[in-house]
Amino acid sequence: MYWEKDKECMAREDLEQLQLERLQSTLYRVATHVPFYRKKFKELNIDPDGFGFLSELKTLPFTTKQDLRNNYPYGLFAVPLRDVVRVHASSGTTGQATVVGYTQNDIKTWSNLVARVLTATGVGKDDVVQIAFGYGLFTGGFGLHYGSECIGASVIPISSGNTKRQIQIMQDFKTTTLICTPSYALLMADMMIENDININALSLRYGLFGGEPWSEQMREEIKKKLNIIATDNYGLSEVMGPGVAGECQECNGLHINEDHFLFEVISPESLEPVGPGEVGELVITTLTKEAFPVIRYRTRDLAHIIDEPCPCGRTFKRMSRVIGRTDDMLIIRGVNVYPTQIESVLFDIKGTEPHYQIVVEREGHLDKATVMVEVVESIFFDQMKKQRQLVDHIKKRLATELGISVDVKLVEEKSLERFEGKATRVIDKRKL
Ligand code: DLL
């Protein structure tokens, strides 16, 4: 199922021509209306009118989160505020908030791209969509809301939180599609199981999950517990919000909406492009944004590009799931470790619950990581010997996967914090 087949399945040569034309007009727009870009282009001797090939993209300057912060709140807008109909902002948990804006046209484009992502999962106008992402400055709630309305689905704008009520509404309103973070979906599933709710009596068929990294094992767990098709969708507020990329029913990588975004993958150290199919930091250039265009935005998200054709017929390249963020990456004794690697191992081990947290501390000059893992009650109250065996087993599996040893601590079921939005997997005590 496609939302815009002519676009989503277009020939690559046509796509590249379209990308070039759109890039040219974006460069013109930012050079004319955004002093930050005008200054940068001048410093680097870039003539935005003389841009003739997509391959020249790498001559353009990067834009970073810090640049957005330095221009807080409206400094990077390319249209006057009177043309802006919506403002969103990032939460600012890692510093000052960053602000983004949308023109009427941007909202239309955004809804359309989210509509593509929803349609690729199988969601249509007969569906009842429960949006359990937060509504507000976060782009998740409103982004998915407008996209769902665009396809004509019946939208339940419940927002996040109040899990009991979410479940009640899911039952009463015959929700067919759940939209939230993967960790919140799992929290809901667990609560339903705990309360002996018959999952098969629900009308639920689809789940679109995004907003945070999750592993393939977590997808399996959600699918099994909720008996649904579960797809991954990706986006970030600096670039638009949800709708940047999303999986089709093949569930094997997220189709990038390439007619609206140019993706590059670079090494965060050398800033040079990585080899084909290699993991690196995603760098995104918007091609159609009016109010808030960005040139070569460094996302800090790590993924790789899948170039092979997809059996679904879409010609847009896919990105792999995001394995983590450069700023989530733990360097433990010189080795790079991502929470999703730990998650994959834990999901494979019987007796552990899919809830974990990684605590990083500094002992002397060395970083020490402890993985706190919830275990089922029978194990928690089991003999010490059995518990030790389980700890050793987890440690060994983690050491093989990560290439370094970490400590493991078993904790009682439900003792770790639960999340209704994005989960926090790492507690870094080194910064405290
Ligand atoms: O999280 C936009 C969004 C909302 C996407 C709902 C999908 C669904 P921000 O709050 O700006 O925007 O956070 C963006 O979240 O740079 C990634 O690190 C992470 N992220 C988003 N989607 C995924 C995903 C929204 N599917 C940041 N997998 C991004 C992994 C994701 N990480």
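Both counts, for ligands and for their atoms, begin at 1 and track the order of listing. For the single chain, residues carry numbers from 1 onward in sequence order. Computation of the quantities below employed the complete heavy-atom set of this structure, encompassing side-chain atoms and omitting hydrogens, waters and symmetry-equivalent molecules.
Between Arg12 and Glu258 there is a salt bridge, with a side-chain nitrogen of the basic residue lying less than 4.0 Å from a carboxylate oxygen of the acidic one.
Of the candidates Arg325, Arg296, Arg298, Arg298 is the only one forming a salt bridge (charged side-chain N to carboxylate O under 4.0 Å, His left out) with Glu281.
Taking the six-membered ring for Trp, Phe292 and Tyr102 have ring centres at least 6.0 Å apart.
Remark: ligand 1 and Thr299 share no N or O pair separated by less than 3.5 Å (distance only, no angle test). The shortest N or O to N or O distance between Asp301 and ligand 1 is below 3.5 Å. Here's the thing with Ser90: none of its N/O atoms is less than 3.5 angstrom from an N/O atom of ligand 1. Residue-to-ligand polar distances keep Gly241 apart from ligand 1: every N/O pair is separated by 3.5 Å or more.
The atoms of ligand 1 that sit less than 4.0 Å from any heavy atom of Asp232 are 24 (C), 26 (N). Of all the atoms in ligand 1, the ones that sit under 4.0 Å from a non-hydrogen atom of Phe133 are 6 (C), 8 (C). Below 4.0 Å from some heavy atom of Thr139 lie the following atoms of ligand 1, by number and element: 2 (C), 12 (O).
Heavy-atom contacts from other residues, nucleotides or ligands closer than 6.0 Å to OH of Tyr146 number 12 or fewer. The number of heavy atoms from other shown groups lying within 6.0 Å of CD (Glu250) is above 12.
Ligand 1 lies less than 4.0 angstrom from a heavy atom belonging to Lys422.
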May I have the list of side-chain donor-acceptor pairs in residues 398-409 shorter than 3.5 Å, sequence neighbours left out?
| from | atom 1 | to | atom 2 | distance (Å) |
| --- | --- | --- | --- | --- |
| Thr400 | OG1 | Lys396 | O | 2.8 |
| Ser405 | OG | Arg333 | NH2 | 3.3 |

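In the candidate list Gly143, Gly235, Gly140, Ser237, Ser237 is nearest to atom 11 (O) of ligand 1, counting heavy atoms.
Residue Val244 does not touch ligand 1, judged by heavy-atom distances below 4.0 Å.
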Could you go through Glu4 and Arg116, starting from their C-alpha distance and side-chain angles, then the distance that decides it, and tell me whether this counts as salt bridge (charged side-chain N to carboxylate O under 4.0 Å, His left out)?
CA-CA 7 Å; Glu4 289 179 298; Arg116 284 186 191 173; 2.8 Å; yes

